Every structure is written in structure tokens, then in C-alpha cells.
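Structure, as C-alpha cells:
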There are 2 protein chains.
Amino acid sequence: MSNTSPSTMWFIGYENNTSSPGPPARTLTKAQTLGYDLITTLLTTPVLHARVIETVCKYLSQSADDVGTDRPLPLISPLTPDDTELAPGDNNTGLVVRISPWLDLGSADPVIAHVSRQVFNLEVAYASFCGIQHVLVSGPVPDSDETQYARALLEALSVSAHLHFFVMLPMSGESEDAGSDEQHLAELARDSYTPNDRGAVLEDEEQDDVNADSSLNTWDLWDGIRTICDYNSRLSVALELPRKLPHQFIQDRWYSEPVRAVVLQRTTFIRNTAGFPVLAKPHQDYLNQLMRLRLPPCILLSDVGALELVANEATAVEPTPAEAAKHSVEKPTAHLQYIRHLQQNQPPLPTIERFGQGYQDYMQSPLQPLADNLESITYEVFEKDPIKYDWYERAIALALTDLAEALGADTEIVVAVVGAGRGPLVSKAILASKSSGVKARFWAVEKNPNAYVHLQRRNMTDPLWDKRVTVIKTDMRAWKGPVIDGQVRKVHILVSELLGSFADNELSPECLDGVQHVLDHEHGINIPQSYTAHATPIATPRLHTDLVGRAGADKWEIPYVVMLQQYDFLATLDDTRTPDVQLTWRFSHPVPPAVLAQAEARKGGSAEHGGAGGAVGGDGGNEHNSRYCKLKFICQSRGTCHGLAGYFETVLYTSKAGEKVELSTNPVTMEAKSKDMISWFPIFLPLKTPMHVPDGAEMEISMWRQSDDRKVWYEWVVEVYIRPAGKRVRVGMSELHSSRKNGCLM
Amino acid sequence: MSNTSPSTMWFIGYENNTSSPGPPARTLTKAQTLGYDLITTLLTTPVLHARVIETVCKYLSQSADDVGTDRPLPLISPLTPDDTELAPGDNNTGLVVRISPWLDLGSADPVIAHVSRQVFNLEVAYASFCGIQHVLVSGPVPDSDETQYARALLEALSVSAHLHFFVMLPMSGESEDAGSDEQHLAELARDSYTPNDRGAVLEDEEQDDVNADSSLNTWDLWDGIRTICDYNSRLSVALELPRKLPHQFIQDRWYSEPVRAVVLQRTTFIRNTAGFPVLAKPHQDYLNQLMRLRLPPCILLSDVGALELVANEATAVEPTPAEAAKHSVEKPTAHLQYIRHLQQNQPPLPTIERFGQGYQDYMQSPLQPLADNLESITYEVFEKDPIKYDWYERAIALALTDLAEALGADTEIVVAVVGAGRGPLVSKAILASKSSGVKARFWAVEKNPNAYVHLQRRNMTDPLWDKRVTVIKTDMRAWKGPVIDGQVRKVHILVSELLGSFADNELSPECLDGVQHVLDHEHGINIPQSYTAHATPIATPRLHTDLVGRAGADKWEIPYVVMLQQYDFLATLDDTRTPDVQLTWRFSHPVPPAVLAQAEARKGGSAEHGGAGGAVGGDGGNEHNSRYCKLKFICQSRGTCHGLAGYFETVLYTSKAGEKVELSTNPVTMEAKSKDMISWFPIFLPLKTPMHVPDGAEMEISMWRQSDDRKVWYEWVVEVYIRPAGKRVRVGMSELHSSRKNGCLM
């Protein structure tokens with residue numbers, strides 16, 4: 001996990017709106033001299049536009065002469081050198097090529113749709129031939145058929161394996177993009193057009209519907225397009241930021257989508273008191289948020305003046321924004337300079353984001369520390385946590401104090417760290433003993449033979465440990481307990497750090513059950529004392545796209561550990577958008593002895609204690625650690641659910657005086673309970689088929705922690721209900737997802 | 001396709017409701033002596049019930065004594081010989097074993113749920129051990145958690161690969177099944193039960209919702225259960241028929257589901273004037289409909305009296321129902337005898353059902369007659385159609401008459417049958433010439449070298465043909481045309497039978513385009529003249545289950561030819577349940593010459609005529625045969641959509657006088673246009689993920705016929721919308737399905 005700042009690289013582009021800018025390579029050089037990284041350029045010239053318009057008009061006027069529908073549709077002949085100034089070249093990676101903005105790929109008029117698709121295919125094929133990597137496509141024309149539009153894009157995605165398509169969409173409402181001044185093909189569509197026998201078309205389509213709710217209307221469009229294109233990783237959004245940002249939930253929604261370009265119009269900027277173009281604070285914040293993504297978008301500045309005007313200033317030293325403002329507020333690079341200024345003045349990253357740099361939205365399979373032995377580097381990463389071990393020290397000190405009071409000050413407290421790893425908790429236990437002034441003896445139990453070497457060496461060399469720690473090489477479940485003066489004693493404080501991202505997913509319950517026999521029956525304390533798992537439904541197109549591209553049938557049924565970044569909460573509690581994260585289940589330690597006794601007796605399906613009739617899918621020995629929950633969430637705003645985010649909370653210790661030491665990765669409580677803790681990323685339980693969630697819908701989530709005598713796994717089902725006229729109606733139900741095949745081995 | 005009557009085998013079972021019936025094998029023998037085929041039997045005895053009740057009561061009473069929640073959950077020890085009278089045996093295939101009906105697998109009380117699942121697992125495992133094949137399980141207890149219930153069934157399905165589970169459900173409302181008189185575990189659930197830390201449970205669950213709409217409420221339950229069990233083929237319904245059958249749409253819905261047992265209570269029967277128990281006419285009709293399924297359900301007679309009472313009558317000769325009624329209306333086999341009477345008096349099968357016997361719901365890949373050569377037997381099957389060829393004869397006769405009038409009576413009309421196969425249409429053309437008295441000459445064009453042999457022999461030997469037919473061996477697209485007196489002439493009537501189940505899916509448009517150059521420009525007639533494809537959304541769990549069990553990733557993206565039987569229309573027009581079958585697109589012949597000329601010029605991406613910019617995904621040579629449509633359907637009653645059913649209609653010929661000869665497989669028009677035609681089964685376009693369709697929802701279906709220069713394929717997308725408070729809201733959208741990989745080769 002590197003500490004590279006994400007702000008070092010911002011790609012800023014000049015959006016070339018002139019329809020005859022000359023050869024793109026020359027314009028690009030000019031723009032790069034001025035400090036831009038790239039430019040957008042129209043792929044074709046007005047020559048093509050004129051030819052297409054002429055063809056269509058001629059065809060349609062013949063139609064008026066009653067030639068009938070017996071004619072073939074008009075054809076657009078291939079591109080000629082006059083149609084485009086683009087050519088193959090080394091520098092073409094700096095070009096974002098814009099498809100003719102006057103096309104209407106989803107026109108209800110088959111002539112317009114046919115001609116548009118011909119031009120589109122000609123342009124895409126030529127861009128690919130020229131080695132272009134990024135293609136900018138205008139979003140669907142209003143009232144145009146989004147399905148047809150999406151289908152044309154899907155076809156274009158198959159033209160080459162390296163072309164990326166940016167679909168240009170405003171955050172909500174209508175596009176402010178000027179595109180070009182050329183006549184749009186949609187204007188030629190025949191008013192009197194009625195479907196002929198080339199296919200039936202909806203007659204009573206209510207066009208108002210799409211615009212009825214203007215808030216998420218363009219997101220709806222995008223959601224439909226990418227669904228038809230099956231979440232293709234080469235399809236993303238060029239998001240036009242409006243002058244007034246829409247409501248936070250719309251910002252959050254777009255943040256979760258693959259926004260790979262941000263379009264800033266001249267009109268999006270405001271003037272500061274010095275007359276210099278700047279962005280309003282909300283725009284700055286939103287842009288900064290987008291630019292912190294692992295794959296930050298490029299920024300396209302549009303309509304910010306012609307490059308020609310400033311070309312001769314290029315040799316001058318770049319002034320600071322303040323200087324520039326003094327010199328000339330109308331200077332055409334003023335917008336670029338302001339964005340570079342923002343780039344250089346990025347707010348610092350929160351601890352966890354800095355720590356997790358490069359790991360955002362990267363799905364890993366959870367650790368299996370019980371089945372595998374960890375590497376030293378893995379331990380080292382965990383030991384860097386600035387919070388976790390300090391909190392353990394606080395918890396141990398409180399427990400020592402309580403025990404000293406209960407057992408008398410001269411009792412030597414037995415502290416055992418089970419799963420000691422490289423020993424960080426042993427150090428904290430010794431420090432806690434020192435700070436609390438309570439005498440203690442220390443055991444460190446570790447099954448990993450490699451870590452065992454390290455622990456022994458540390459005991460000999462670490463001045464804090466000072467040869468006072470008894471190091472035991474064993475699986476904790478096989479440990480007979482500490483031996484003092486030849487006698488097996490009980491442990492007073494059993495310290496462990498076995499929690500996973502979803503609390504129990506690295507089998508902490510099973511491990512602690514297995515070692516509970518060493519714990520003092522009357523006074524024994526587990527640290528942690530209890531832990532809970534928590535979940536909430538999320539939209540994460542990023543992770544869904546990633547999984548679509550992976551091989552393997554099981555990929556949808558694995559809980560992944562992932563530093564969630566580009567996602568959106570579907571269920572929020574109020575206007576502050578606090579996510580509704582709900583408790584799924586709880587584990588507490590020590591477990592009642594009768595429960596453990598029954599579990600022990602049932603192992604292997606013992607006939608006297610339940611046998612085959614015991615556990616669901618197992619022999620019953622671990623059934624007391626199975627769990628089930630059914631959670632209900634209300635989703636204010638519609639969206640698409642791609643899975644569940646999972647978190648945990650744990651109470652390390654609650655003192656007799658009522659002081660609680662807690663850790664939390666739950667986004668609702670982590671700030672209060674363990675701010676800046678970095679040891680755990682959330683867990684992600686995917687859905688095989690994304691589920692549509694209408695406005696105000698209820699999501700019902702059933703989750704299981706299942707187990708047999710050999711392993712533990714999770715299962716999840718999601719249902720969506722709405723209440724039109726108060727009646728509860730199911731509109732969606734997922735399959736039952738199960739990680740049984742990829743369960744955690746005991 | 002055999003003509004075996006489906007009514008020969010009815011399996012009728014005696015439902016044994018007594019809780020202590022003695023050894024099942026003995027009861028079965030007794031029942032079989034009386035004419036039953038099988039019996040249901042409770043798997044366990046009251047001994048087990050008493051033990052379980054005692055265990056639970058004891059546990060719960062301790063709870064009242066404030067023992068706390070620290071105890072392990074109660075365990076049920078394995079079955080003892082006293083718990084069950086079932087034993088492994090050869091005759092066990094005649095037993096349908098009933099799981100204890102007093103279990104509550106989805107209880108909100110974890111004690112009840114835990115105990116229920118233990119007993120359930122013990123019983124299922126023992127049934128499997130004894131070689132039982134069919135297990136009868138009571139549906140979920142009202143207010144019980146259906147998800148937990150379904151999860152328990154899913155686990156049971158994994159116990160053995162041969163156990164089939166029948167879930168007992170009433171058609172709507174509450175079950176009338178008595179089950180047993182024993183105390184139900186659900187009654188023991190603690191009123192004061194609150195969720196403890198073994199998992200969070202919904203607190204404000206509104207139980208009324210489930211019962212709010214009593215019409216499809218039990219179907220909703222079933223829909224949820226089988227979704228969680230992923231349409232397992234070993235999970236089906238034992239449907240309880242109520243005394244008054246519910247509305248037709250509910251009957252239709254259940255008919256489409258895997259009903260593998262029908263439960264008839266004594267109370268479902270009425271008395272006829274002679275006092276004999278009979279079924280009302282609607283019940284008879286529905287039962288007859290169910291019994292005509294390819295996998296007919298067994299019939300379970302419940303509460304129809306003890307076998308003991310009648311055992312000694314068994315040796316007597318079975319009386320006819322009328323005799324029996326005279327003798328003793330209370331005779332306990334009266335119900336059985338009535339059902340046997342129904343069996344023997346089945347209404348005759350409609351022609352198409354008789355013809356398609358054994359092919360119901362059997363999915364085949366469509367023929368590729370252009371790429372493959374058909375076998376003689378395939379031709380023979382098609383030639384058996386009692387309607388199709390007569391209609392062709394009528395159409396040809398009309399065309400001959402019209403042409404004679406246009407060209408003069410002494411013109412010899414040139415008739416060519418292209419794709420002549422074994423020659424049935426040649427015969428019909430000759431007959432049409434005879435009947436109309438119009439002189440004609442005949443050509444038969446066939447590419448299949450094997451059929452060519454047959455055609456030549458027939459020309460020499462068939463007295464009707466009388467050596468008058470010129471047989472040409474060629475792909476019709478390569479035929480230069482008929483040669484008369486050394487000169488190539490034009491064809492007046494071009495007869496073909498190239499239509500597939502979805503009209504154009506066997507490439508009739510492409511073939512007829514390819515041979516159109518032989519047709520007389522001014523007077524040439526194509527028979528058929530035009531054809532249209534039609535589609536409607538359907539629920540077909542049967543086909544979905546079949547596809548779930550198949551291998552291959554492409555299986556969801558193939559249009560299958562299938563004789564649809566066990567399915568339900570989701571969109572109907574009115575209370576008569578007439579399906580809303582909509583037109584997708586149309587083809588007419590001959591095609592305008594300008595269109596064909598353009599197509600020819602565009603083949604291979606010719607630069608002067610569009611080139612790469614032409615077709616979507618191709619070179620443009622066949623783009624005039626691509627189609628697109630967007631259809632909207634209203635679904636009155638909620639359901640689950642598994643795909644689209646496709647049909648076709650064709651106008652063979654419309655005479656100058658306005659007489660139309662048509663064929664149709666569209667269920668709305670086939671009766672009027674071509675009743676009893678058997679040559680085509682419908683087509684089925686599946687959906688990968690079944691889609692929930694709420695009451696009154698709109699389904700929007702986008703379909704494409706796509707093509708490049710080499711093949712033709714279909715694509716389809718389904719969207720679901722609702723209108724709460726008038727606003728249109730999308731609640732579901734399928735992926736884009738495409739048969740591109742399995743397209744039809746040109």
C-alpha cells in the first residue's frame with residue numbers, strides 16, 4: 001500500500017467545439033504547449049455533415065412526391081479525405097475523438113436511425129483504425145429510443161477491443177453541451193412519420209414519463225444503457241457538471257458510476273471578486289471527491305475560448321492564479337489555470353484512504369488464517385494500525401484493574417494472547433500491566449511455526465518482554481493451558497485478534513470456543529468480549545463490472561474483502577444521507593458451558609445427541625454458531641442494487657465501572673468508536689443479477705451464517721417490495737447466493 | 001410422435017390420515033387390492049410427536065423459571081423403532097411419505113424452528129435410506145417465515161439425488177388439509193418471544209400483507225420457495241383443489257406450475273342425484289386438463305374413509321359407478337371409482353395435441369434447412385399436415401385463375417416450387433391447375449441431393465406428375481430460371497414453404513430474395529405473399545427448470561422450437577383470457593427491385609455503397625432484412641416472466657377478388673385461419689433471469705432481427721414498469737439476450 005498522493009496526476013483536456021479546427025494533431029500540440037494534457041476533437045468535418053443532410057433531405061423530399069416505401073433506405077458512402085482531418089499518429093493518445101453530435105441513433109424515424117447508425121459505424125471504425133483510445137458520444141437525443149441507442153453502442157463496443165466510449169450526460173435535466181451548431185438529424189425526422197412494416201413501434205408511448213421526475217432522469221438513461229451493454233468495462237460516462245449542483249443523493253449516485261470524464265462548461269464557472277473564473281465550493285468539493293478515485297476522470301474544459309488567441313502567450317512563465325487574475329481576467333487559459341490550482345491544493349486524504357491507496361475497489365478473498373499461515377509482511381501491515389492496538393491496551397488495563405479488585409491485589413493475573421502472531425498484543429498486555437500496576441504473567445500461543453521463531457527471539461531480545469513471556473507453539477484449540485509450578489492453571493484474560501471484516505468470517509467464534517477450556521470459569525475474561533456483524537445494500541457498478549469480466553461460476557457467491565470507494569448507499573436514514581447499516585447477528589464470549597458441552601457431544605453426529613437431525617447440512621458440532629437474520633431497509637431514491645456491504649463492531653471490554661472500549665468499521669459508528677482505524681476493509685456480498693429498486697421501495701435481506709463440522713459459509717437472498725396504494729407487492733427476488741463451495745475451513 | 005393416448009395411466013393414491021395406520025407396506029397392499037396405485041403415509045408415529053412436544057414444553061417451561069438464554073437449544077435424539085413403522089422394502093415406490101405435518105420450519109421462535117428442522121432432517125434422511133422416492137411436505141404455516149422454510153427445503157433437496165418433494169398448497173386461501181390431529185409445534189411458540197442475540201428479526205413485519213390479496217397468495221408463497229430452491233426439478237406442488245374452484249386466471253397459473261400431485265378432499269366432491277360422490281364440471285375439466293400434461297400429476301384422495309371398512313369387499317368384481325351408486329352410496333371406494341370413471345371417459349385430444357404427443361414442452365433447436373440437408377422422415381412428418389397443403393392448393397388455384405385472366409387463357413403459366421423437398425407442393429400445384437382449368441408447366445428446385453433422387457423418381461412414376469415436372473438440382477439462389485425451348489423464361493408463380501416457427505427464422509426472406517431474379521417482373525406472384533412474426537410474454541417454470549439443468553452458457557440465448565403446453569400467458573386482453581399476442585414485424589414478397597439491387601451492391605462492404613458503415617455488425621448485404629420492434633403489454637395479474645412465446649401468420653395469396661388464404665400458429669387467430677394445422681410448434685425465447693411482474697404492470701419488449709452477410713440472429717430485452725400514482729417506474733430490466741453465436745447460417 002503506497003503513499004503516493006492521488007492528486008499528482010490530473011488529466012485536463014481542452015474541448016474543441018469549433019467544427020473546422022484544422023488537423024487535430026496540430027491543435028493538440030498547441031493545447032499541450034498551453035498546459036493541457038489532451039483535447040477533444042470532432043472526428044469529421046462539416047463536409048460529411050453537409051453530405052449526410054443532403055442525402056437525407058433528398059430522400060425525404062422524394063418521399064413527399066409519393067415514391068412510396070418501396071425504396072431502399074439511403075446509404076452514406078465511406079469517408080473521404082475531405083470528411084475528416086484525423087489521421088493515424090503517435091500522439092493520438094492525447095485525443096478524445098468526438099462522434100458527430102448531430103446523430104440520432106435511436107430515432108423513431110427509420111431513415112434517420114439508419115443514417116445515424118451508418119455514420120456512427122463509419123466514425124467508430126475510423127477512430128479505431130487511427131489508434132484512438134477514447135471516443136466521446138453524445139447521450140441519447142430527448143424522446144429518442146434509448147434501447148436502440150444502447151444497442152448501437154453495444155455494436156460499437158465490439159468493433160475493437162481497445163476503444164473506450166464516454167457517453168456524455170448531464171447530471172440531471174437537459175444537456176448544456178452545445179455540441180455543434182450544425183443541423184441535428186433529429187430535426188429532419190418526419191412529423192407525420194408512422195411505423196411502416198419494418199417493425200411495429202409503440203404508439204401510445206408517453207414521452208412525458210421520462211421527464212416527469214427530473215432528478216434521476218439522466219441516471220435512468222445511463223442505467224438502461226449500461227444494462228443493455230452488460231456493464232462493459234469500456235463504457236463510461238462523461239459527466240457534465242451543471243452551474244448549480246443537484247441534490248446530494250444525485251451527486252452520490254453519479255459518484256458511484258464509472259465517470260471517466262468530467263465536462264466543465266464555461267458557464268459552470270463563477271467569477272470571484274477579482275473577476276477570475278473559479279468553481280463554487282460545492283463544485284470544488286465534488287470535483288476533488290471524483291479526482292480521488294482510483295481511476296480519476298479526466299477533466300474536459302468546454303467553451304473556454306479559442307486556443308489561437310493565447311498561442312503566443314504560451315512561452316511566458318505560467319503566472320499564479322492571483323497574478324493571472326490581475327493581468328487579464330479574460331485570459332483564455334484562466335479556467336485551466338484555476339483547475340491546476342485546485343489540483344495543487346488538494347485537501348489531505350483521511351488516514352484510511354491514505355493507507356488504502358491502490359486498494360480502492362480491489363476485491364480480495366478473505367484471509368483464511370486458520371487454514372493458511374500468514375506471511376510476516378501481512379502481520380506487519382496489520383501492526384501499523386494507529387488505533388487498534390492502543391484500544392486493546394486500554395481494554396486489557398481495565399480488565400486487569402477489575403480482576404485485581406475481584407481477586408485481591410496480590411493475585412498474579414494470567415494473561416494469554418492466543419494467535420499471538422509477531423506479538424503486538426503481548427507488548428500491549430505488558431504495557432497495560434505496567435500502566436495499571438497490576439501484576440501479571442504472560443503466555444503467547446501461536447500455531448504458525450514461522451511466527452513462533454519470531455516470538456521466541458523477541459522474548460529474548462525485546463527489553464519490554466524481558467524473557468517474561470511463555471511462548472507456546474500450538475493451535476489454540478489444542479492448548480492445554482498455562483503450566484505454573486508443574487500445574488495446569490486457568491487463564492484470567494484471554495486476548496485474541498481473530499476478527500475479520502464481517503466480524504466472525506475468519507472463524508473467531510470457532511477458535512474461541514476451542515480455547516475456552518483454558519479460561520477461568522468464574523473470573524475469566526475474553527478480549528474481545530463480543531462482536532456484531534452489520535450490513536446494508538449498496539450500488540456498486542464498479543465491482544459488478546469487475547465481476548462480470550472475471551471467469552468462474554462461483555464468482556457471484558464469494559464474500560470479498562474490499563476497500564469500498566466508488567459506491568452508493570441505497571438505504572439512508574435522512575437528508576444527511578447517513579446509511580442505514582443494520583445489525584445482522586452477535587457473538588459473545590465466553591459461551592455458556594452447557595452450549596459448548598452439547599456442541600462437543602454432537603460432533604460427528606453422535607447418536608445420543610441429535611445425530612443427523614441436528615445441524616442444517618452438518619453434524620451439529622458447530623450449530624450453536626450458525627445465525628440467521630432478516631433485515632428490512634427503506635430506499636428513498638431508486639437505484640440498482642449490486643450487493644451488500646458488510647462491517648463489524650466489537651466490544652473489547654466493558655469495565656465494572658461501565659467504561660466501554662470498542663472498535664468499529666461500521667461507517668455510522670466508526671468515527672465515534674475507533675476513528676482512523678485502518679486494519680479492516682469492509683466485506684462485499686455480490687448479487688449475480690443487479691436488482692432494480694424503485695423510489696421508496698423496501699428491501700428485505702435474508703442472511704445466514706451456516707456451518708457443518710468442517711467449514712463455515714454465508715448465504716444471502718434479497719427481495720424488493722413496493723407499496724402502491726398501501727398494498728405490499730414483491731417486484732424482485734434474487735437467487736439464494738451461497739459461499740458454501742468457498743467456505744472458511746475450520 | 002406417437003398416438004398413445006395420455007389417459008391410459010392415472011396414478012391414484014389413498015391419503016392415509018390416521019396417525020397409527022400400522023406398517024405402510026401392509027396398508028399399501030390393502031389399498032392396491034382395492035384399486036389404488038399408491039398411498040401416502042405419515043413417516044413417523046405419535047411416539048415421536050409426543051417425545052418432541054415433551055422436549056419442547058420442558059425446555060420452554062424452564063425458560064419461564066428464568067433459566068435465561070444461556071442454555072443450548074433442545075435436541076431431538078435420532079429415530080427409534082417406535083418412532084416409525086416405515087422400513088426399506090421393494091414396494092416402497094408405491095409410498096408417498098408424508099413429513100410430520102406438525103412442524104413449523106419457518107417459526108420466528110428459534111426453539112420451534114430449531115426443533116422442526118431437526119425432525120425434518122431426521123425424517124428426510126430416513127425416507128431416503130428406505131428408498132422412498134416421493135416426500136409430501138406441508139406448506140409453510142401461516143405467519144411463518146417463508147425464506148427459512150424454503151432454505152430448509154433446499155437443504156433437504158441435497159440429502160439425496162433421487163428424493164422428490166411435493167409441497168402441499170391450496171390453490172388459494174387456507175389449506176383444507178387436516179394433516180393430523182396432533183398438536184402443531186406452531187401452537188407452542190412463545191407469544192412473548194422476542195429476538196435474542198441469535199439474529200435480528202423483523203419487528204414491524206406486517207403479517208396482513210400476505211393475506212391481503214387472497215387470490216394468488218399461495219402462488220406467491222410457491223414462487224418464493226422455488227426461487228430460493230433455484231427451480232430444482234425435484235421440487236413440485238401437491239395442489240389441493242378446493243370445493244369451489246378459484247377464478248380462471250388462478251387455475252391457469254397453477255396449471256403452468258409443476259403440479260405433480262392433486263389432492264382431492266372428500267369435501268371437494270359433490271353428490272349427484274343418485275347420491276354418488278362426483279366432481280363438479282369445472283373440477284372435471286381442470287382435472288382432465290392437468291391429466292393431459294406430459295408429466296401428469298398423481299391424484300391423492302384424502303379423507304375418503306378407512307381402508308379397513310372395505311377390505312373384505314375387495315374380492316368382489318368392481319361394479320360400474322352406476323351399479324355402485326345403487327348398491328351403496330357410502331361405499332368407501334366410491335371416490336376412487338368415480339375418478340377411474342373419469343379416467344375412462346377422457347374427452348378426445350385436439351388434433352395438434354394428439355400429433356404432438358410426447359413433444360410437449362420439449363425444446364428443440366430450430367431447423368437449419370439452408371445449412372443442413374433434411375432427412376426423409378422429417379419431410380414425411382411435415383407432409384402429414386391435414387391443412388397446410390390443402391390451403392396451398394387453394395392459394396395456387398386462385399393465383400392461376402388471376403394470372404389466366406391477366407395473361408390470357410392460352411398462356412401457359414410457369415409454376416416453380418423452390419425447396420421442393422419430396423414434392424408435396426408440386427402435387428398440389430398440379431391439382432390446382434386441374435381444378436382451376438388453367439394450363440401450367442411445373443419446375444421443382446431442390447438443393448438436397450437425396451431429395452433430388454426422390455423427386456426424379458416421383459416424376460417418372462407418380463401418375464399425377466406424369467413426367468411433366470422439370471426437376472432441378474440447385475440451391476434456389478443459384479438457379480438461372482426455367483428453360484423453355486432453349487430460352488430462359490421467367491416464373492409466374494414461385495411457391496415455397498420456407499417458414500419457421502417465428503416466420504422468418506429459417507431464412508425465408510433471404511432465400512426468396514436470392515431466387516427473386518427468376519420471377520416475372522410484372523406478373524410474378526410469390527406464394528406465400530407475406531408473413532408476420534408475433535410474440536407475447538409467458539410464464540413457463542417448466543422450461544426454465546429444464547434450462548437451469550442444462551449445460552452451456554449460451555443456453556439462455558437460443559430461440560427454441562417447442563410445443564408449449566405447461567405455461568401461462570402473462571398478458572391477456574379480457575376476462576376470457578385471450579392472450580395479447582402482438583405483431584413484431586412483417587416480410588412481403590417480391591421485394592422492390594431497387595432494394596435488392598442495393599443489397600447486392602453492398603455485399604462484401606463495397607466502397608461505393610456504404611461499406612463498413614452499412615449494416616449493424618455486417619457488411620450491409622442483408623440489412624434490408626433486419627427488423628426492430630418495441631411492444632408494450634399490460635399484465636393484469638402478477639406473475640413471473642420466463643420468456644417470450646413466438647408465432648407466425650402468413651398470407652399465402654390474396655386473390656384479385658379479395659379472397660385470402662392464410663395460415664396461422666398465433667393462438668388468437670389460428671382457429672379461424674388454419675384450424676388443426678400441425679406443422680409448426682411455437683418458438684420460445686428464454687430469459688436468463690426470471691422477472692417479477694407486479695399486478696397491472698407494463699412489460700416493454702424490444703426485439704431485433706439482426707444480420708450480417710453470413711447469418712441471421714435475434715435479440716431481445718424485457719423491461720417491467722409499474723405506475724404507482726400514475727408515475728411510470730421501471731422495476732426490472734433484463735439483459736440483452738442474443739442468439740448471435742447460434743445464428744442461422746445463410
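Letters A, B, ... are given to chains in the order of the sequence lines, protein chains preceding strands, and every chain is numbered from 1. Note that the structure is a prediction, hence the values are computed from the model and not measured.
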Check each atom of [X] against the heavy atoms of chain B and say whether the ones under 4.5 Å are side chain, backbone, both or neither.
X	value
A/E719	side chain
A/L79	neither
A/L154	side chain

Closest heavy-atom pair and its distance - A/V731, B/P694: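 That closest heavy-atom pairing would be CG1-CG, 3.5 Å.
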side-chain contact (heavy atoms from CB on, under 4.5 Å) involving A/N232 - partner list, sequence neighbours excluded: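 Counting only residues at least two positions away or on another chain, A/N232 forms a side-chain contact (heavy atoms from CB on, under 4.5 Å) with A/L157, A/R234, A/L235.
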[X] versus [Y]: any side-chain heavy-atom pair under 4.5 Å?
X	Y	value
B/D695	A/K727	yes
A/L75	B/R602	yes
B/D230	A/L736	no

Would you give the length of the straight line joining atom [atom1] of [X] to atom [atom2] of [Y], rounded to the nearest 0.5 angstrom?
X	Y	atom1	atom2	value
A/R151	B/E715	CZ	CD	3.5 Å
A/T147	B/M733	OG1	CE	6.0 Å
A/Q148	B/S702	CD	OG	8.0 Å
B/S734	A/I228	OG	CD1	8.0 Å
B/Y628	A/H114	OH	NE2	15.5 Å

Option in A/W704, A/Y126, A/Y721 with maximal non-hydrogen atom pairs under 4.5 Å from chain B: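 Ranked by heavy-atom pairs under 4.5 Å with chain B, first place is A/W704.
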Max heavy-atom pair count under 4.5 Å with chain B, selected residue of A/V159, A/L596, A/T227: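 Top count of heavy-atom pairs under 4.5 Å with chain B: A/T227.
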Residues A/D145, B/K630: salt bridge by 4.0 Å N-O rule: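 A salt bridge links A/D145 with B/K630.
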Short N-O contact, A/E735 and B/R226, less than 4.0 angstrom: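 Salt bridge between A/E735 and B/R226, a charged N being under 4.0 Å from a carboxylate O: no.
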Polar side-chain atom of B/R730 near backbone of A/D220 as donor-acceptor pair, under 3.5 Å: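 Between the backbone of A/D220 and the side chain of B/R730 there is a qualifying donor-acceptor contact (under 3.5 Å).
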Greatest number of heavy atom pairs closer than 4.5 Å to chain A - which of B/R705, B/H692, B/M691: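 The residue among B/R705, B/H692, B/M691 with the greatest pair count is B/H692.
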For chain A, the option from B/V720, B/V591, B/V729, B/T689 that forms the most heavy-atom pairs under 4.5 Å: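 The option with the most such pairs is B/T689.
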B/V717 portion near chain A, given a 4.5 angstrom heavy-atom threshold: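 When you check distances to chain A, only side chain atoms of B/V717 fall under 4.5 Å.
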